[in-house]
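Accompanying notes for the structure given below.
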Amino acid sequence: MQYALLGPLVWKVAQEWREQGALPLGSWWLHLLALFAARGLTYQFWFSYANMLFFTRRRRVVADGVDFRQIDAEWDWDNFLVLQTLIGAAVVNSPLLPGLRQLCLWDTRGWAVALLLHVGFSEPVYYLAHRALHRAPLFARYHAAHHHSSSGAAGVTQPLTAGFGTPLEALLLTLALGAPLAGAFLAGAGSVGLVYAHALAFDYLRAMGYSNVEVVSPRAFQAFPPLRYLLYTPSYLSLHHRDRRSNFCLFMPATDAACGTLDPRSWNLQRAAYDGAAGGGALGAPEFVFLAHVVDIMSSMHVPFVLRSLSSTPFANHFILLPFWPVAFGFMLLMWCCSKTFVVSFYYLRGHLHQTWCVPRHGFQYFLPAAKKGINHQIELAILRADRMGVKVLSLAALNKNEALNGGGTLFVNKHPELRVRVVHGNTLTAAVILNEIPSNVREVFLTGATSKLGRAIALYLCRKKIRVLMFTMSSERFVKIQREAPAECQAYLVQVTKYQAAQGCGTWIVGKWLSPREQRWAPPGTHFHQFVVPPIIGFRRDCTYGKLAAMRLPKDVRGLGSCEYTMERGVVHACHAGGVVHFHEGWGHHEVGAIDVDRIDVVWRAALKHGLTPV
């Protein structure tokens with residue numbers, strides 16, 4: 001709702017547009033709104049770049065990730081942009097700067113005045129004010145929130161952290177940004193170009209410093225040593241957020257050097273971070289990898305490097321995303337043509353690095369016969385890459401383990417018997433989650449997708465518990481094959497049905513195949529739909545309840561997790577992901593591919609609970 005405060009500016013632009021009969025390109029109100037948008041996009045650009053781990057993971061300054069606590073604390077990070085835009089509107093509407101009345105596109109003299117005032121006024125004033133904010137009682141009242149939002153003792157910053165603070169801090173930044181501009185206009189040398197260039201350069205440097213990715217080459221400082229006192233780096237600012245006793249400058253370390261507060265570790269940290277050497281925060285080789293894929297075009301915008309406000313909440317289709325659909329469609333085509341598996345996100349669990357990699361394919365492509373070979377090639381390359389990196393366990397997600405695609409991963413294990421990385425599908429835990437959701441008093445269930453890997457395991461497990469399973473399948477051959485796997489005394493509990501009408505009296509449906517509204521209507525009132533179908537079915541029945549996809553909550557000691565896995569809640573991952581985590585932390589040395597071992601369902605479930613994973 002804070003954006004509603006800009007409503008008067010929009011109204012002024014609309015008025016001038018109506019009066020002039022064309023877009024008022026000479027209106028300061030229009031320029032203030034355009035500058036607000038451009039400045040916001042500057043921070044968004046740096047946020048996206050910093051979180052593109054496939055580009056930046058080797059040049060991170062701090063290895064830790066940003067968690068949900070920090071994201072929530074910084075949710076309204078752009079309040080300072082609204083405040084500064086309103087202050088700009090007040091200045092434009094006042095007689096204080098008469099030079100604003102005549103719009104000038106460019107004036108070189110103004111650049112010289114602004115540069116002199118930035119070096120001679122903004123830098124020292126900001127430095128002195130910043131040091132004062134680090135002393136009692138000002139720190140606790142006005143500056144602690146800015147530092148405490150950073151995750152952990154390491155002080156992980158992101159470009160959006162730059163905007164988070166108290167109104168006093170926002171006013172200090174406004175003074176540092178605005179004084180050079182005001183001086184240029186008072187000197188009669190101000191221009192529209194100067195306003196845009198100065199404000200965007202200011203934001204660009206702020207966002208760069210908070211990016212946690214070292215982008216300034218130490219070779220530049222070696223070639224021109226004075227430059228290290230004229231331009232700070234992300235490593236330089238990171239040290240300030242770690243110990244809070246040094247590196248107070250705005251952009252120029254010369255002020256710290258002059259006042260004795262320059263941290264001598266700054267240049268070594270910069271070199272280590274830029275080169276990905278020891279001492280920096282480069283992400284090393286993970287020990288566990290969850291190999292995912294894109295579900296559809298809309299959900300492709302849910303990745304952590306697009307919009308933090310979206311990726312940190314469960315995925316849902318938002319109307320605000322519709323204008324970006326063509327862009328996402330273009331990236332889908334680009335990935336199809338020339339992309340390879342890339343790193344999407346990471347977190348730490350008990351000191352072990354876990355990563356999510358993404359196969360650059362969308363869900364619909366898995367059902368194209370011509371795409372099958374290419375998808376398997378991408379998965380195979382990812383497995384071989386993980387093997388070279390020393391990954392212990394790689395878990396296949398959803399369609400990456402499709403039986404018709406690669407036999408649930410058996411294709412790769414059989415082709416590369418020398419693999420050290422353990423390839424798992426995680427379906428054993430998925431089956432365990434679904435089975436443990438079924439109330440103990442249920443004596444009959446209706447099962448669709450009954451002859452799939454999961455369907456088979458669920459049916460065989462339930463029949464051993466003397467629960468009648470109505471297996472919906474048109475293939476008598478596949479049904480009989482599964483029935484014969486059951487103990488002789490339990491085979492009668494498996495019943496083949498070929499019509500949905502057969503389940504009219506069954507109140508527990510386990511859904512492994514998409515159900516249309518017409519098919520759902522055969523369920524009696526009060527039915528609960530358990531699901532392992534991707535994507536999940538749409539709940540058309542108001543007199544029934546619908547379970548979510550099988551999932552488990554990660555242990556509480558997980559660190560650096562700041563994005564939601566598709567439609568899952570915060571801290572919750574799909575059961576196949578959790579199954580891989582259990583496989584890794586148990587240290588099991590076998591692959592888990594192909595058919596599910598029904599005898600291991602309870603073993604895996606107990607192991608999951610032992611390691612702190614909890615049902616949702």
Polar side-chain atom of [X] near backbone of [Y] as donor-acceptor pair, under 3.5 Å:
{"X": "Gln378", "Y": "Ser339", "answer": "yes"}
{"X": "Arg456", "Y": "Ala595", "answer": "no"}
{"X": "Glu444", "Y": "Arg468", "answer": "no"}
{"X": "His425", "Y": "Gly594", "answer": "yes"}

Please list, chain by chain and in numerical order, all residues satisfying ring pair (Phe, Tyr, Trp, His ring centres under 6.0 Å) with [X], sequence neighbours excluded.
{"X": "Trp357", "value": "none"}
{"X": "His583", "value": "Trp588, His590"}
{"X": "Phe479", "value": "none"}

Other residues, nucleotides, ligands: >12 heavy atoms within 6.0 Å of Phe324 CZ: no
Atom CG of Leu333: over 12 foreign heavy atoms under 6.0 Å: yes
In chain order, what residues pass the side chain to side chain donor-acceptor pair (under 3.5 Å) check against [X], with sequence neighbours excluded?
{"X": "Tyr493", "value": "none"}
{"X": "Ser48", "value": "Gln44"}
{"X": "Thr498", "value": "none"}
{"X": "Asn414", "value": "none"}

For Phe305, the option from Phe47, Phe54, Trp46 that meets ring pair (Phe, Tyr, Trp, His ring centres under 6.0 Å): Phe54
Step-by-step salt bridge (charged side-chain N to carboxylate O under 4.0 Å, His left out) determination, Glu214 to Arg59: CA-CA 6 Å; Glu214 189 52 76; Arg59 288 185 175 169; over 6 Å; no
Qualifying residues under side chain to side chain contact (heavy atoms under 4.5 Å, CB included), relative to Val558, sequence neighbours excluded: Tyr347, Leu349, Leu554, Leu561
Listed partners of His416 passing side chain to side chain contact (heavy atoms under 4.5 Å, CB included), at least two apart: Glu380, Leu384, Glu418, Leu419
Extract all donor-acceptor atom pairs below 3.5 Å that involve side chains of residues 604-616 and protein atoms in other chains or at least two apart in sequence.
unit_1, atom_1, unit_2, atom_2, d
Lys610, NZ, Glu586, OE2, 2.6
His611, NE2, Glu586, OE2, 2.6

side-chain hydrogen bond (donor to acceptor under 3.5 Å, both in side chains) contacts in which one or both residues fall within residues 290-301, not counting sequence neighbours: Asp296-Ser299
Summary of side-chain hydrogen bond (donor to acceptor under 3.5 Å, both in side chains) pairs that have at least one residue in residues 364-373, sequence neighbours excluded: Tyr366-Asn400
